[in-house]
Protein chains: 2
Amino acid sequence: MTSSTSNFYAEENKIFVATDCIVFGFDDGELKLLIFKRRVAPHEGDWSLIGSFVKPSEDVDEAAQRVLKEITGLDNVFFEQSKTYGKADRDEGARCISVAQFALIRIDEYDRKLTEKHGAYWYKLEDLPKLVLDHDQMVTDALSKLRSRAKHQPIGFELLPEKFTIPQLQSLYEAIFQRKLDPGNFRKKVLSFEVLKKQAEKDKSASKRGAYYYMFDHEKYQNLLESGYNFEIL
Amino acid sequence: MTSSTSNFYAEENKIFVATDCIVFGFDDGELKLLIFKRRVAPHEGDWSLIGSFVKPSEDVDEAAQRVLKEITGLDNVFFEQSKTYGKADRDEGARCISVAQFALIRIDEYDRKLTEKHGAYWYKLEDLPKLVLDHDQMVTDALSKLRSRAKHQPIGFELLPEKFTIPQLQSLYEAIFQRKLDPGNFRKKVLSFEVLKKQAEKDKSASKRGAYYYMFDHEKYQNLLESGYNFEIL
DNA sequence: TCAAAAGTGTTGACAATACACCCATGG
DNA sequence: CCATGGGTGTATTGTCAACACTTTTGA
């Protein structure tokens, strides 16, 4: 704060702070987003991201965790801050800024009954309905952030089950970047990082031959990160 | 907001929102940061980033522009949002979240008298004093953001005077990335983008032979950006 | 036995790096 | 005339995309 702001510590300068979550999931070869239909005014009946006001006693990050837990039943979800939306007129109801955060969740783990109870659904990214306020923009921004992160760090793994095959991983990256990748080259690249542990079992669901399962080696990854390794995928 | 939040539209849920500016400048081959010594409580006498509360009637971005104008006299400064700091206990005075934004300014253009009047000074990045609250973290984060942006887009130009030489530009990038670059390769790379207009005059201040001035061609840059060109420097 | 997915190997084009070398000029 | 920084050319190395090829197995 500048030196001339002593009069600013006044109640009338306080404003609402919200957080909205852009929740990505991956299922059936498609990137999906968790949104819900508002059941209270304002904007009753409109589609919206999941969010909440931040309480004075809680961290902004905690607020996001709280909402997501409330709706999916999940703890310990991967979160990253996307961007803060601070236009004075962005919410016609009251002055309110919103800290957007994106989450990546394993779509096989969430609590279906809980989400349905809250009127929340998974939508394919391509056919999202119009969202309330500036939430469309939030999705666009978060998606581009997800892409740039996925390009340089293997965060994509957060969206897959613990055990996954290389072709599954490839299909995820194809969904994120919306383009086909060469199977041979993708495999070589991703294995060259040496952060995948090959399992003994195979997944036979997608082919007769079957594809070996792999697991992400968080420890090895941390070590490489700290020694400044550059994980450039694509 | 979730469906169970109607009671949240209550005055006691409002909190203070501030913005803090990480103001980078480039001078004398060094990256510098504009900070100031607080003259009012709390933390009187401590070094701090430049910032202000966001007024209920103004955009968060506007607030940053306002403060920077107040202290440097500059309008139309390059700004980018860095990150929002939302820990409940980050400011022991009052609950207050802060949206950090970094600015790049041409150090030859600012108003010296104005900054001095406000107790603000340019510090070399290497020997910054301890800053108030979580401002040290803000600087670290903004710096890493500056680096990743500078790597993929030529935002470095915002820090140089309108006319600059290739060696000057190189020296800026060396300051940003804290490592020496090969003059021949740097020149080739940066010219290969074809967004620099060569001028007729030379800068003779750094060598007897003199180096040609260049100017950034914003128009050409915009065109290339829109056609999806990848400006990867380094 | 064959279609289809998993996985391996090879190649050529191109980009990054290191570095040798010429240029211009003020002192 | 030479030290110094500006600027150009080139050889080597490494990386990436394309694609041919082999393996496996259920239907």
Side-chain angles (χ1 to χ4, degrees), chain A residues 28-29 147 150-152 154 160-161 163-215 224 228-234, chain B residues 28-30 147 150-152 154 160-161 163-175 177-215 224 228-234:
Chain A
D28 212 10
R147 288 197 176 121
K151 203 162 183 158
H152 300 284
L160 292 172
K163 293 178 185 178
F164 52 86
T165 67
I166 307 277
Q168 272 168 28
L169 185 61
Q170 177 179 344
S171 139
L172 166 60
Y173 272 85
E174 288 178 343
I176 293 178
F177 292 103
Q178 291 292 320
R179 61 177 238 238
K180 285 279 163 207
L181 302 171
D182 180 278
N185 295 335
F186 181 80
R187 161 180 245 93
K188 261 176 287 178
K189 185 80 194 178
V190 83
L191 287 177
S192 75
F193 300 143
E194 299 190 308
V195 292
L196 296 187
K197 287 179 294 196
K198 191 175 188 170
Q199 305 302 114
E201 323 100 83
K202 285 186 166 189
D203 166 41
K204 292 250 189 182
S205 64
S207 75
K208 347 232 164 178
R209 181 177 174 181
Y212 282 106
Y213 280 118
Y214 286 82
M215 286 179 71
L224 284 174
Y229 195 87
N230 182 24
F231 294 88
E232 174 120 11
I233 303 167
L234 310 194
Chain B
D28 212 10
E30 305 264 11
R147 288 199 176 117
K151 204 163 183 156
H152 300 284
L160 292 173
K163 292 178 185 178
F164 53 86
T165 68
I166 307 278
Q168 272 168 29
L169 185 62
Q170 177 179 345
S171 140
L172 166 60
Y173 274 84
E174 288 178 342
F177 292 103
Q178 291 292 321
R179 62 177 239 239
K180 284 278 163 207
L181 302 171
D182 180 280
N185 296 334
F186 181 80
R187 160 179 248 95
K188 260 177 288 177
K189 186 81 195 176
V190 83
L191 287 178
S192 76
F193 298 143
E194 300 190 308
V195 292
L196 297 187
K197 284 179 296 195
K198 191 174 187 170
Q199 306 301 112
E201 321 102 82
K202 284 185 166 189
D203 166 41
K204 293 248 189 185
S205 65
S207 76
K208 348 231 165 177
R209 180 178 173 179
Y212 282 106
Y213 281 117
Y214 285 82
M215 286 179 71
L224 284 174
Y229 196 86
N230 183 24
F231 294 88
E232 174 120 12
I233 302 166
L234 310 194

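Numbers restart at 1 for each chain; the letters A, B, ... are given by sequence-line order, proteins then strands. Predicted model only: the values in this text are computed from it and were never measured. Any value given below was found using the heavy atoms of this structure, including those in side chains, with hydrogens, waters and symmetry copies removed.
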Review point. What do the steps show when you test Leu196(B) against Phe164(B) for side chain to side chain contact (heavy atoms under 4.5 Å, CB included), and what is the final call?
Key: CA-CA 10 Å; Leu196(B) 297 187; Phe164(B) 53 86; 4.0 Å; yes

Review point. What is the distance, rounded to the nearest whole Å, between atom CD of Gln170(B) and atom C1' of dG7(D)?
Key: 12 Å

Check your understanding: Lys189(B) NZ to dA18(C) P: how many Å, rounded?
Key -> 14 Å

Review point. In whole angstroms, how far is the C1' atom of dG5(D) from the OH atom of Tyr212(B)?
Key: 15 Å

**Study point:** Separation of dG5(D) P from Gln168(B) CD (nearest whole Å)
**Key:** 15 Å

Practice item. Figure out the NZ/C1' separation between Lys198(B) and dT8(D), and round it to whole Å. Key: 12 Å

Point to revise | Residue met sooner reading DNA chain D from 5', once Asp182(A) and Lys202(A) are mapped to nucleotides | key: Asp182(A)

Practice item. Kindly give the heavy-atom pair with the smallest separation between Glu232(A) and Lys189(A), and that separation in Å. Key: O-CE, 2.8 Å

Practice item. Find the distance Ile233(B):CD1 to dT17(C):C1' and express it as a whole number of Å. Key: 17 Å

Check your understanding: Gly184(B) near the nucleic acid: base, sugar-phosphate alone, or nothing, with a heavy-atom cut-off under 4.0 Å?
Key -> base

Review point. Does Gln170(A) use its side chain to pair, donor to acceptor, with the backbone of Arg187(A) at less than 3.5 Å?
Key: no

Review point. Would you find more than 12 non-hydrogen atoms of other residues, nucleotides or ligands less than 6.0 Å from Phe177(B) atom CZ?
Key: yes

**Study point:** Contact under 4.0 Å: Arg187(A) side-chain N or O vs dT8(C) OP1/OP2
**Key:** yes

Check your understanding: So what does Pro167(A) hit on the nucleic acid, given a heavy-atom distance under 4.0 Å: a base, only sugar-phosphate, or nothing?
Key -> sugar-phosphate

Exercise for review: Select one nucleotide: of dG26(C), dG7(D), dA27(D), the one nearest the side-chain heavy atoms of Lys208(B).
Suggested key: dG26(C)

**Study point:** Mutual orientation of the aromatic rings belonging to Phe231(B) and Phe193(B) [parallel < 30°, tilted 30-60°, perpendicular > 60°]
**Key:** perpendicular

Practice item. Among the candidates dA18(C), dG7(C), dA18(D), find the nucleotide nearest to the side-chain atoms of Lys188(A). Key: dA18(D)

**Study point:** Contact nearer the 5' end of DNA chain D, comparing Lys204(A) with Asn185(A)
**Key:** Asn185(A)

Exercise for review: Find the distance Leu196(B):CG to dG6(D):C1' and express it as a whole number of Å.
Suggested key: 16 Å

Review point. Has the side chain of Arg209(A) got a donor or acceptor atom sitting under 3.5 Å from an opposite partner on the base of dA6(C)?
Key: yes

Point to revise | Value in whole Å for how far the C1' atom of dA6(C) lies from CD of Glu201(A) | key: 17 Å

